[in-house]
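Worksheet for the structure shown next.
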Number of protein chains: 2
Amino acid sequence: MDKEQLKENFAKALKQEKLKRTPQRFAILEELVSSDEHRECTDIYFALRNQGISVSRATVYRTMDMLVKYDFARRLDIGDGIARYESKVGVSHHDHLICLECGKIIEFLNRDIEVLQQSICNDFDFDMTRHTHQIFGVCPDCKSK
Amino acid sequence: MDKEQLKENFAKALKQEKLKRTPQRFAILEELVSSDEHRECTDIYFALRNQGISVSRATVYRTMDMLVKYDFARRLDIGDGIARYESKVGVSHHDHLICLECGKIIEFLNRDIEVLQQSICNDFDFDMTRHTHQIFGVCPDCKSK
DNA sequence: TATATTTATGAGACTCAATCTCACAATAAA
DNA sequence: TTTATTGTGAGATTGAGTCTCATAAATATA
Ligand SMILES: [Mn+2]
Ligand SMILES: [Mn+2]
Ligand SMILES: [Zn+2]
Ligand SMILES: [Zn+2]
(Lines give C-alpha, C1' and ligand atoms only; values in the text may rest on other atoms or scores of the structure.)
(Ligands and ions follow the chains in the order given, each with its own letter.)
Protein backbone atom coordinates (compact mmCIF):
# COMPACT_ATOMS: atom_id res chain seq x y z
CA MET A 1 0.00 0.00 0.00
CA ASP A 2 1.49 3.36 -0.93
CA LYS A 3 1.54 6.38 1.33
CA GLU A 4 -1.34 8.18 -0.38
CA GLN A 5 -3.55 5.12 -0.24
CA LEU A 6 -2.78 4.75 3.46
CA LYS A 7 -3.67 8.36 4.15
CA GLU A 8 -6.94 7.88 2.33
CA ASN A 9 -7.76 4.78 4.37
CA PHE A 10 -6.93 6.63 7.55
CA ALA A 11 -9.13 9.54 6.47
CA LYS A 12 -11.96 7.07 5.94
CA ALA A 13 -11.50 5.68 9.45
CA LEU A 14 -11.48 9.20 10.86
CA LYS A 15 -14.70 9.96 9.03
CA GLN A 16 -16.27 6.78 10.37
CA GLU A 17 -15.36 7.85 13.90
CA LYS A 18 -16.50 11.43 13.17
CA LEU A 19 -13.01 12.67 13.90
CA LYS A 20 -11.38 15.60 12.14
CA ARG A 21 -8.37 15.38 9.86
CA THR A 22 -5.57 17.02 11.78
CA PRO A 23 -1.85 17.26 11.01
CA GLN A 24 -1.07 15.64 14.37
CA ARG A 25 -3.10 12.53 13.63
CA PHE A 26 -1.53 12.05 10.22
CA ALA A 27 1.95 12.68 11.60
CA ILE A 28 1.50 10.04 14.32
CA LEU A 29 0.27 7.47 11.80
CA GLU A 30 3.16 8.19 9.47
CA GLU A 31 5.76 8.08 12.24
CA LEU A 32 4.54 4.66 13.35
CA VAL A 33 4.06 3.17 9.91
CA SER A 34 7.42 4.34 8.58
CA SER A 35 9.31 2.25 11.11
CA ASP A 36 9.32 -1.48 11.82
CA GLU A 37 10.11 -1.03 15.49
CA HIS A 38 7.96 -1.57 18.54
CA ARG A 39 7.51 2.00 19.73
CA GLU A 40 6.54 3.63 22.98
CA CYS A 41 4.23 6.65 22.99
CA THR A 42 6.93 8.81 24.54
CA ASP A 43 9.25 7.77 21.73
CA ILE A 44 6.71 8.78 19.07
CA TYR A 45 6.10 12.02 20.96
CA PHE A 46 9.77 13.03 20.94
CA ALA A 47 10.36 11.85 17.38
CA LEU A 48 7.64 14.21 16.16
CA ARG A 49 8.78 17.07 18.39
CA ASN A 50 12.30 16.69 16.99
CA GLN A 51 10.84 17.01 13.50
CA GLY A 52 9.32 20.32 14.60
CA ILE A 53 5.80 18.95 14.68
CA SER A 54 3.62 20.37 17.45
CA VAL A 55 2.04 17.51 19.34
CA SER A 56 1.22 16.61 22.94
CA ARG A 57 1.50 13.36 24.82
CA ALA A 58 -2.26 13.29 25.22
CA THR A 59 -2.74 13.42 21.48
CA VAL A 60 -0.27 10.59 20.92
CA TYR A 61 -2.03 8.37 23.48
CA ARG A 62 -5.47 9.23 22.11
CA THR A 63 -4.41 8.58 18.54
CA MET A 64 -2.70 5.27 19.29
CA ASP A 65 -5.99 3.96 20.72
CA MET A 66 -7.73 4.91 17.51
CA LEU A 67 -4.99 3.36 15.34
CA VAL A 68 -5.37 0.10 17.24
CA LYS A 69 -9.16 0.18 16.93
CA TYR A 70 -8.88 0.58 13.17
CA ASP A 71 -6.14 -1.99 12.74
CA PHE A 72 -3.40 0.38 11.66
CA ALA A 73 -1.46 -0.56 14.79
CA ARG A 74 -1.03 -3.37 17.25
CA ARG A 75 -0.36 -2.85 20.92
CA LEU A 76 2.33 -4.88 22.62
CA ASP A 77 2.48 -5.40 26.39
CA ILE A 78 5.66 -7.11 27.50
CA GLY A 79 5.03 -6.73 31.21
CA ASP A 80 7.18 -3.73 32.04
CA GLY A 81 4.28 -1.30 32.29
CA ILE A 82 5.09 0.48 29.04
CA ALA A 83 2.79 -0.03 26.06
CA ARG A 84 4.54 -0.47 22.73
CA TYR A 85 2.96 -0.15 19.30
CA GLU A 86 3.91 -1.61 15.95
CA SER A 87 2.53 -0.88 12.52
CA LYS A 88 0.08 -3.40 11.12
CA VAL A 89 0.14 -1.78 7.68
CA GLY A 90 1.53 -4.34 5.28
CA VAL A 91 2.62 -6.48 8.21
CA SER A 92 1.29 -9.98 8.69
CA HIS A 93 0.56 -11.52 12.06
CA HIS A 94 3.44 -12.73 14.15
CA ASP A 95 4.43 -13.26 17.77
CA HIS A 96 7.54 -12.30 19.71
CA LEU A 97 10.75 -13.53 21.27
CA ILE A 98 11.89 -10.96 23.83
CA CYS A 99 15.45 -10.80 25.13
CA LEU A 100 15.59 -10.24 28.89
CA GLU A 101 19.15 -8.90 28.63
CA CYS A 102 19.09 -6.35 25.81
CA GLY A 103 15.37 -5.89 25.20
CA LYS A 104 15.60 -6.94 21.57
CA ILE A 105 12.34 -8.17 20.06
CA ILE A 106 12.49 -10.94 17.46
CA GLU A 107 9.40 -11.82 15.44
CA PHE A 108 8.22 -15.34 14.64
CA LEU A 109 5.26 -17.01 13.03
CA ASN A 110 4.31 -20.64 13.33
CA ARG A 111 1.21 -21.67 11.45
CA ASP A 112 0.89 -24.96 13.31
CA ILE A 113 0.68 -23.12 16.61
CA GLU A 114 -1.91 -20.72 15.20
CA VAL A 115 -4.04 -23.69 14.14
CA LEU A 116 -3.67 -25.50 17.47
CA GLN A 117 -4.56 -22.30 19.23
CA GLN A 118 -7.80 -22.02 17.31
CA SER A 119 -8.67 -25.62 18.12
CA ILE A 120 -8.17 -24.89 21.83
CA CYS A 121 -10.68 -22.06 21.52
CA ASN A 122 -13.11 -24.39 19.81
CA ASP A 123 -12.70 -26.95 22.60
CA PHE A 124 -13.53 -24.32 25.23
CA ASP A 125 -16.29 -22.71 23.13
CA PHE A 126 -14.27 -19.52 23.45
CA ASP A 127 -14.38 -16.75 20.79
CA MET A 128 -10.84 -15.48 20.27
CA THR A 129 -10.49 -11.82 19.38
CA ARG A 130 -6.72 -11.60 19.73
CA HIS A 131 -3.80 -13.38 21.31
CA THR A 132 -0.27 -12.79 22.48
CA HIS A 133 2.41 -15.44 22.51
CA GLN A 134 5.58 -14.10 24.04
CA ILE A 135 8.76 -16.06 24.64
CA PHE A 136 11.18 -14.45 27.08
CA GLY A 137 14.81 -15.47 27.28
CA VAL A 138 18.30 -14.67 26.04
CA CYS A 139 19.01 -13.83 22.40
CA PRO A 140 22.03 -15.21 20.46
CA ASP A 141 23.91 -11.89 20.68
CA CYS A 142 23.57 -11.74 24.45
CA LYS A 143 24.49 -15.40 24.86
CA SER A 144 27.84 -14.92 23.14
CA LYS A 145 28.81 -12.03 25.42
CA MET B 1 2.99 -31.31 49.23
CA ASP B 2 1.56 -30.76 52.70
CA LYS B 3 1.53 -27.43 54.46
CA GLU B 4 4.43 -28.22 56.79
CA GLN B 5 6.62 -29.41 53.94
CA LEU B 6 5.82 -26.20 52.04
CA LYS B 7 6.74 -24.05 55.02
CA GLU B 8 10.02 -25.90 55.30
CA ASN B 9 10.80 -25.38 51.64
CA PHE B 10 9.97 -21.72 51.98
CA ALA B 11 12.19 -21.46 55.04
CA LYS B 12 15.01 -22.98 53.00
CA ALA B 13 14.51 -20.40 50.27
CA LEU B 14 14.54 -17.62 52.86
CA LYS B 15 17.76 -18.98 54.28
CA GLN B 16 19.30 -19.12 50.83
CA GLU B 17 18.40 -15.46 50.30
CA LYS B 18 19.60 -14.62 53.82
CA LEU B 19 16.12 -13.41 54.67
CA LYS B 20 14.51 -13.75 58.08
CA ARG B 21 11.50 -15.91 58.89
CA THR B 22 8.73 -13.46 59.61
CA PRO B 23 5.01 -14.07 60.20
CA GLN B 24 4.17 -11.72 57.32
CA ARG B 25 6.18 -13.71 54.79
CA PHE B 26 4.62 -17.01 55.82
CA ALA B 27 1.14 -15.49 55.82
CA ILE B 28 1.55 -14.15 52.29
CA LEU B 29 2.76 -17.52 51.01
CA GLU B 30 -0.12 -19.34 52.69
CA GLU B 31 -2.72 -16.88 51.43
CA LEU B 32 -1.54 -17.32 47.84
CA VAL B 33 -1.06 -21.06 47.94
CA SER B 34 -4.41 -21.78 49.59
CA SER B 35 -6.32 -20.38 46.61
CA ASP B 36 -6.36 -21.30 42.94
CA GLU B 37 -7.16 -17.77 41.78
CA HIS B 38 -4.99 -15.23 39.99
CA ARG B 39 -4.56 -12.67 42.74
CA GLU B 40 -3.61 -9.00 42.86
CA CYS B 41 -1.27 -7.73 45.59
CA THR B 42 -3.97 -5.42 46.90
CA ASP B 43 -6.28 -8.39 47.16
CA ILE B 44 -3.72 -10.39 49.18
CA TYR B 45 -3.11 -7.31 51.34
CA PHE B 46 -6.78 -6.91 52.28
CA ALA B 47 -7.33 -10.65 52.72
CA LEU B 48 -4.59 -10.75 55.35
CA ARG B 49 -5.74 -7.54 57.03
CA ASN B 50 -9.24 -8.97 57.31
CA GLN B 51 -7.73 -11.99 59.04
CA GLY B 52 -6.20 -9.59 61.56
CA ILE B 53 -2.67 -10.09 60.24
CA SER B 54 -0.50 -6.98 60.36
CA VAL B 55 1.02 -6.46 56.94
CA SER B 56 1.79 -3.59 54.59
CA ARG B 57 1.46 -3.25 50.86
CA ALA B 58 5.23 -2.89 50.60
CA THR B 59 5.76 -6.24 52.29
CA VAL B 60 3.27 -7.94 49.99
CA TYR B 61 4.97 -6.55 46.89
CA ARG B 62 8.42 -7.40 48.18
CA THR B 63 7.42 -10.93 49.14
CA MET B 64 5.68 -11.66 45.84
CA ASP B 65 8.93 -10.91 44.02
CA MET B 66 10.71 -13.41 46.21
CA LEU B 67 7.98 -16.03 45.75
CA VAL B 68 8.31 -15.69 41.98
CA LYS B 69 12.09 -15.92 42.16
CA TYR B 70 11.86 -19.19 44.11
CA ASP B 71 9.10 -20.65 41.98
CA PHE B 72 6.37 -20.64 44.61
CA ALA B 73 4.41 -18.19 42.47
CA ARG B 74 3.99 -17.14 38.88
CA ARG B 75 3.30 -13.60 37.80
CA LEU B 76 0.60 -12.91 35.25
CA ASP B 77 0.43 -9.69 33.20
CA ILE B 78 -2.75 -9.40 31.21
CA GLY B 79 -2.14 -5.87 29.99
CA ASP B 80 -4.28 -3.87 32.39
CA GLY B 81 -1.38 -2.61 34.48
CA ILE B 82 -2.17 -4.81 37.46
CA ALA B 83 0.13 -7.75 38.21
CA ARG B 84 -1.60 -10.96 39.23
CA TYR B 85 -0.01 -13.94 40.96
CA GLU B 86 -0.95 -17.60 41.05
CA SER B 87 0.44 -20.40 43.14
CA LYS B 88 2.90 -22.74 41.45
CA VAL B 89 2.85 -25.17 44.35
CA GLY B 90 1.46 -28.44 43.05
CA VAL B 91 0.35 -26.68 39.88
CA SER B 92 1.69 -27.71 36.49
CA HIS B 93 2.43 -25.30 33.68
CA HIS B 94 -0.48 -23.92 31.71
CA ASP B 95 -1.46 -20.86 29.69
CA HIS B 96 -4.57 -18.70 29.76
CA LEU B 97 -7.78 -17.80 27.97
CA ILE B 98 -8.93 -14.39 29.24
CA CYS B 99 -12.48 -13.14 28.82
CA LEU B 100 -12.63 -9.50 27.75
CA GLU B 101 -16.20 -9.17 29.06
CA CYS B 102 -16.12 -10.66 32.57
CA GLY B 103 -12.40 -11.02 33.25
CA LYS B 104 -12.63 -14.76 33.82
CA ILE B 105 -9.37 -16.65 33.36
CA ILE B 106 -9.50 -20.18 31.94
CA GLU B 107 -6.42 -22.38 31.98
CA PHE B 108 -5.23 -24.57 29.14
CA LEU B 109 -2.28 -26.74 28.29
CA ASN B 110 -1.32 -27.98 24.86
CA ARG B 111 1.77 -30.13 24.72
CA ASP B 112 2.12 -29.82 20.94
CA ILE B 113 2.31 -26.05 21.24
CA GLU B 114 4.89 -26.33 24.00
CA VAL B 115 7.04 -28.54 21.76
CA LEU B 116 6.66 -26.28 18.72
CA GLN B 117 7.55 -23.33 20.89
CA GLN B 118 10.79 -24.96 21.94
CA SER B 119 11.66 -25.73 18.33
CA ILE B 120 11.16 -22.07 17.42
CA CYS B 121 13.67 -21.17 20.12
CA ASN B 122 16.11 -23.70 18.72
CA ASP B 123 15.69 -22.23 15.24
CA PHE B 124 16.50 -18.74 16.51
CA ASP B 125 19.27 -19.96 18.85
CA PHE B 126 17.25 -18.34 21.62
CA ASP B 127 17.37 -19.59 25.24
CA MET B 128 13.83 -19.54 26.63
CA THR B 129 13.48 -18.81 30.31
CA ARG B 130 9.69 -18.41 30.37
CA HIS B 131 6.77 -17.71 28.10
CA THR B 132 3.24 -16.40 28.15
CA HIS B 133 0.55 -17.49 25.73
CA GLN B 134 -2.62 -15.52 26.31
CA ILE B 135 -5.79 -15.81 24.26
CA PHE B 136 -8.21 -12.92 24.69
CA GLY B 137 -11.85 -13.16 23.68
CA VAL B 138 -15.34 -13.97 24.93
CA CYS B 139 -16.05 -16.91 27.20
CA PRO B 140 -19.05 -19.26 26.76
CA ASP B 141 -20.95 -17.66 29.67
CA CYS B 142 -20.60 -14.16 28.23
CA LYS B 143 -21.52 -15.32 24.72
CA SER B 144 -24.87 -16.66 25.87
CA LYS B 145 -25.83 -13.38 27.52
C1' DT C 1 -15.05 33.77 1.05
C1' DA C 2 -16.77 34.84 5.59
C1' DT C 3 -18.89 33.18 9.56
C1' DA C 4 -20.72 29.72 12.62
C1' DT C 5 -20.46 25.34 14.74
C1' DT C 6 -18.15 21.61 16.20
C1' DT C 7 -14.20 19.15 17.55
C1' DA C 8 -9.11 18.82 18.62
C1' DT C 9 -5.17 20.24 20.90
C1' DG C 10 -1.92 20.80 24.67
C1' DA C 11 -0.04 22.15 29.27
C1' DG C 12 -0.45 20.61 33.31
C1' DA C 13 -3.29 18.44 36.96
C1' DC C 14 -4.63 14.04 38.30
C1' DT C 15 -4.85 8.74 38.94
C1' DC C 16 -3.20 4.59 40.51
C1' DA C 17 -0.05 0.52 40.73
C1' DA C 18 4.25 -0.01 42.22
C1' DT C 19 8.46 1.42 44.59
C1' DC C 20 11.10 3.88 47.94
C1' DT C 21 12.17 5.95 52.59
C1' DC C 22 13.45 5.62 57.15
C1' DA C 23 12.23 5.36 62.07
C1' DC C 24 11.07 1.69 64.68
C1' DA C 25 10.23 -3.35 65.51
C1' DA C 26 11.40 -8.05 65.22
C1' DT C 27 14.67 -11.76 64.36
C1' DA C 28 18.56 -14.66 65.06
C1' DA C 29 23.50 -15.13 66.05
C1' DA C 30 26.74 -14.99 69.83
C1' DT D 1 20.08 -11.97 77.23
C1' DT D 2 22.74 -8.90 74.35
C1' DT D 3 23.70 -7.08 70.08
C1' DA D 4 24.00 -6.85 65.24
C1' DT D 5 21.25 -7.35 61.50
C1' DT D 6 17.27 -7.31 58.85
C1' DG D 7 12.18 -6.48 58.29
C1' DT D 8 8.12 -3.78 58.71
C1' DG D 9 4.82 -0.19 57.60
C1' DA D 10 2.83 4.51 56.96
C1' DG D 11 3.30 7.60 53.97
C1' DA D 12 5.97 9.87 50.23
C1' DT D 13 7.44 9.32 45.59
C1' DT D 14 7.58 7.67 40.85
C1' DG D 15 5.99 7.20 36.25
C1' DA D 16 2.79 5.69 32.56
C1' DG D 17 -1.39 6.92 31.31
C1' DT D 18 -5.77 9.77 31.62
C1' DC D 19 -8.43 13.88 32.29
C1' DT D 20 -9.54 18.94 32.18
C1' DC D 21 -10.61 22.95 29.99
C1' DA D 22 -9.28 27.23 27.70
C1' DT D 23 -7.82 28.00 23.23
C1' DA D 24 -6.97 26.68 18.43
C1' DA D 25 -8.15 24.49 14.35
C1' DA D 26 -11.17 22.05 11.15
C1' DT D 27 -15.43 21.70 8.76
C1' DA D 28 -20.25 23.06 7.91
C1' DT D 29 -23.11 26.74 6.43
C1' DA D 30 -24.31 31.04 4.23
MN1 LIG E 1 6.28 -7.31 16.08
MN1 LIG F 1 -3.33 -19.88 35.83
ZN1 LIG G 1 19.68 -9.80 23.81
ZN1 LIG H 1 -16.71 -13.94 30.28
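Because the structure is a prediction, the values reported are computed rather than measured. Below, chain A is the first sequence line, B the second, and so on; all start at residue 1.
- Direction change of the helix axis from one end of the helix from C/dT1-D/dA30 to C/dA30-D/dT1 to the other is 30°, with five pairs defining each end axis (rounded to 10°).
- Checking D/dG17, D/dG9, C/dG10 against the side-chain heavy atoms of A/Ser56 singles out C/dG10 as nearest.
- Evaluation of the ring pair (Phe, Tyr, Trp, His ring centres under 6.0 Å) rule for B/Phe108 yields B/His133 as partners, not counting sequence neighbours.
- Taking the side-chain contact (heavy atoms from CB on, under 4.5 Å) definition, one finds that B/Glu40 meets it with B/Asp43, B/Ile82, B/Arg84, sequence neighbours left out.
- Tracing side-chain contacts under 4.5 Å through hydrophobic residues (I, L, V, M, F, W, Y), one reaches B/Val60 starting from B/Ile53; they form part of the same cluster.
- Mapped onto DNA chain C by nearest heavy atom, A/Val55 and B/Gly81 fall at different nucleotides, with A/Val55 at the one closer to the 5' end.
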Sugar-phosphate or base contact per nucleotide [nucleotides 24-30 of chain D; S, B, -; heavy atom under 4.0 Å]: -BBS---

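- For A/Arg57, the side chain to side chain donor-acceptor pair (under 3.5 Å) partners at least two apart in sequence or on another chain are A/Thr42.
- Comparing C/dA18, C/dA11, C/dT9 against the side chain of B/Ala83 picks out C/dA18 as the nearest.
- Each of B/Ile53 and B/Lys18 was matched to the nucleotide of DNA chain D holding its nearest heavy atom; the match closer to the 5' end belongs to B/Lys18.
- Annotation: ring pair (Phe, Tyr, Trp, His ring centres under 6.0 Å) contacts involving residues 34-57 of chain A, sequence neighbours excluded, comprise A/His38-A/His96.
- Within the 4.0 angstrom heavy-atom criterion, no nucleotide atom of any strand lies near A/Thr42.
- Taken residue by residue, residues 59-74 of chain B places heavy atoms nearer than 4.0 Å to DNA chain D at B/Thr59, B/Arg62.
- Every residue meeting the side-chain contact (heavy atoms from CB on, under 4.5 Å) condition with B/Glu37, not counting sequence neighbours, appears here in chain and number order: B/Ser35, B/Arg39.
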Between side-chain atoms of residues 8-15 of chain A and protein atoms elsewhere (two or more places apart, or another chain), which donor-acceptor pairs fall under 3.5 Å?
from	atom 1	to	atom 2	distance (Å)
A/Asn9	OD1	A/Gln5	NE2	3.1

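- The list of salt bridge (charged side-chain N to carboxylate O under 4.0 Å, His left out) pairs with a residue in residues 86-104 of chain A, not counting sequence neighbours, reads A/Asp71-A/Lys88, A/Arg74-A/Glu86, A/Arg74-A/Asp95, A/Lys104-A/Asp141.
- By the side-chain contact (heavy atoms from CB on, under 4.5 Å) test, A/Val68 is found to be paired with A/Ala73, A/Arg75, A/Tyr85, residues two or more places apart in sequence or in another chain being considered.
- Applying the side-chain contact (heavy atoms from CB on, under 4.5 Å) rule to B/Gln16 yields the partners B/Tyr70; only residues at least two apart in sequence or on another chain are considered.
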